[in-house]
Amino acid sequence: MPCGILTPSITKHLASTFTGANSLRFEPYTDWFPVIGLDVLKAILKLRGVTNQFQGQLAFQTAVCRTDNPDAWATLDQMTSSDRCTGVLNVTSALAGKFYVRFGIGFNISSGSTNSQADVTLQLSYDACGLVAGGVTLQALAPDTSNYFAPVTGWLQAIDAVKVLAAILVSGALNNFQCRLTYRTATTDTGVVTDNWAVVNLEAGWHAGNGEFNTGTLTLPTGVGQTGRIDDKMWIQFGLQFSVSSGTAGQATVSVATAVRA
């Protein structure tokens, strides 16, 4: 999987008449993409044709599960009215518990209320050794408290899946429905012999009822794909484990998006 990413250099004309602590306006420069594998980045900002007290800084926006239900914009680095390289920025904690991120510019004016503007260019450089493993929407039916399973990805090389991140959206849940992410492995041939679905090896707790659930970045147990370990498993597949906590006839519509990193 590719690691080093250089985004296109994008220029937009931005203008503001706002100043003060809560005056920042935000303009996205990248599309949404999964946060998997993104730990550090650098950015360059170029400001041309600056008038009055226009200033801008690197900004980002995250989403736990859905890009149409995002978090508020936040900022990185510092304000500038001229060209700037941010240096290496660690975003690990800022992206924890999120599935998607996009980057842009936060801007305002440093003082006054005169219309200020500039042509602002943003380009990002980052390592993100991860990939989207698969996504699926399914109607999950759990007749009782037994464990039931459904695949949410195809078979992947285990060496590429040291860690996994998933966004799980549950709607229409009935009768104590619960679910969580799981996996199974295969040694040599995915079509002949596979191991059983893991029951409690990935997420310790259940996601109960309706909601948007982010698994956070989970590390696979020892012996399931870690680089540098003696490992006799070639393949891994992720799935949804579901049941009812009590009673019978549980069901829900579940959408799962999954990403992995080495």
If you look at every heavy atom in [X] and [Y], which pair is closest and at what distance?
| X | Y | value |
| --- | --- | --- |
| P151 | V136 | O-CG1, 4.3 Å |
| W73 | G104 | CZ3-N, 3.8 Å |
| K233 | D195 | NZ-OD2, 2.9 Å |
| T145 | G247 | CG2-O, 4.2 Å |
| V170 | G209 | CG1-O, 3.3 Å |

Within the structure provided, determine whether [X] and [Y] are in side-chain contact (heavy-atom separation under 4.5 Å).
| X | Y | answer |
| --- | --- | --- |
| T80 | L47 | yes |
| I10 | L122 | no |
| L240 | Y148 | no |
| T219 | V164 | no |
| F54 | V120 | yes |
| D77 | R84 | yes |
| L14 | Q117 | no |
| L124 | L58 | yes |

Please list, chain by chain and in numerical order, all residues satisfying side chain to side chain donor-acceptor pair (under 3.5 Å) with [X], sequence neighbours excluded.
| X | answer |
| --- | --- |
| Q53 | none |
| S245 | none |
| D127 | none |

*Would you tell me whether S16 and N108 have side-chain atoms, one donor and one acceptor, within less than 3.5 Å of each other?*
no

*Would you say the side-chain atoms of Q139 and T253 include a donor-acceptor pair closer than 3.5 Å?*
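Result is yes, a qualifying pair exists.
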
Can you measure from [atom1] ([X]) to [atom2] ([Y]) and round to the nearest 0.5 angstrom?
| X | Y | atom1 | atom2 | result |
| --- | --- | --- | --- | --- |
| D160 | C129 | CG | SG | 10.0 Å |
| C65 | E212 | SG | CD | 5.0 Å |
| F107 | S81 | CZ | OG | 13.5 Å |
| T11 | K46 | OG1 | NZ | 8.0 Å |
| L45 | Q78 | CG | CD | 10.5 Å |
| T217 | K163 | OG1 | NZ | 7.0 Å |

For [X], which residues count as a salt bridge (Lys or Arg N to Asp or Glu O under 4.0 Å) partner, sequence neighbours excluded?
| X | value |
| --- | --- |
| R25 | none |
| D119 | none |
| D144 | none |

*Given a cutoff of under 4.5 Å between side-chain heavy atoms of I, L, V, M, F, W and Y, with clusters grown through shared members, what are the other residues clustered with L141?*
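Same cluster as L141: nobody, lone residue.
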
*Share the residues that join V88 in a hydrophobic cluster, the rule being Ile, Leu, Val, Met, Phe, Trp or Tyr side chains under 4.5 Å apart at the heavy-atom level.*
V40

Taking [X] for the side chain and [Y] for the main chain, is one N or O donor matched with an acceptor at less than 3.5 Å?
| X | Y | answer |
| --- | --- | --- |
| Q237 | T185 | no |
| T19 | I109 | yes |
| T17 | T114 | no |

Indicate every side-chain donor-acceptor pair of residues 173-182 with a distance under 3.5 Å to a residue at least two apart or in another chain.
unit_1 : atom_1 : unit_2 : atom_2 : d
N175   : ND2    : A249   : O      : 2.7
N176   : ND2    : S246   : O      : 3.2
N176   : ND2    : S246   : OG     : 3.2
Q178   : NE2    : S243   : OG     : 3.0
R180   : NE     : Q241   : OE1    : 3.2
R180   : NH1    : E203   : O      : 3.3
R180   : NH1    : A204   : O      : 2.9
R180   : NH2    : V199   : O      : 3.0
T182   : OG1    : A198   : O      : 2.3

*I would like to know whether F238 and V256 meet side-chain contact (heavy atoms from CB on, under 4.5 Å); could you show each step before the answer?*
CA-CA 10 Å; F238 294 95; V256 185; over 6 Å; no

_Residue pairs fulfilling side-chain hydrogen bond (donor to acceptor under 3.5 Å, both in side chains) with at least one residue in residues 29-45, sequence neighbours excluded_ = D39-R261

Out of curiosity, does [Y] fall in the hydrophobic cluster containing [X] (side-chain heavy atoms, cut-off under 4.5 Å, transitive links)?
| X | Y | result |
| --- | --- | --- |
| L169 | F242 | no |
| V152 | V64 | no |
| V244 | F213 | no |
| L89 | I44 | no |
| L38 | L76 | yes |

_What verdict does the side-chain contact (heavy atoms from CB on, under 4.5 Å) test give for L218 and L165, after you've listed the backbone C-alpha separation in whole Å, the side-chain angles of each residue and the deciding distance to 0.1 Å?_
CA-CA 6 Å; L218 305 170; L165 168 68; over 6 Å; no

*asked:* Is there a ring-ring contact (aromatic ring centres under 6.0 Å, His included) between Y126 and F33? Walk through the geometry before answering.
replied: CA-CA 13 Å; Y126 59 89; F33 61 92; 5.5 Å; yes

_Steps toward side-chain contact (heavy atoms from CB on, under 4.5 Å) verdict (T75, L24)_ = CA-CA 10 Å; T75 57; L24 278 179; 3.7 Å; yes

_Stepwise side-chain contact (heavy atoms from CB on, under 4.5 Å) check, V254 with I168_ = CA-CA 7 Å; V254 186; I168 302 173; 3.8 Å; yes

Please list, one pair per line, the donor and acceptor atoms closer than 3.5 Å that link side chains of residues 95-102 to other protein atoms, with sequence neighbours excluded.
unit_1 : atom_1 : unit_2 : atom_2 : d
K98    : NZ     : D71    : OD2    : 3.1
R102   : NE     : Q61    : OE1    : 2.9
R102   : NH2    : Q61    : OE1    : 2.7

*asked:* Please enumerate all residues that pass ring pair (Phe, Tyr, Trp, His ring centres under 6.0 Å) together with F103, with sequence neighbours excluded.
replied: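 Counting only residues at least two positions away or on another chain, F103 forms no ring pair (Phe, Tyr, Trp, His ring centres under 6.0 Å).
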
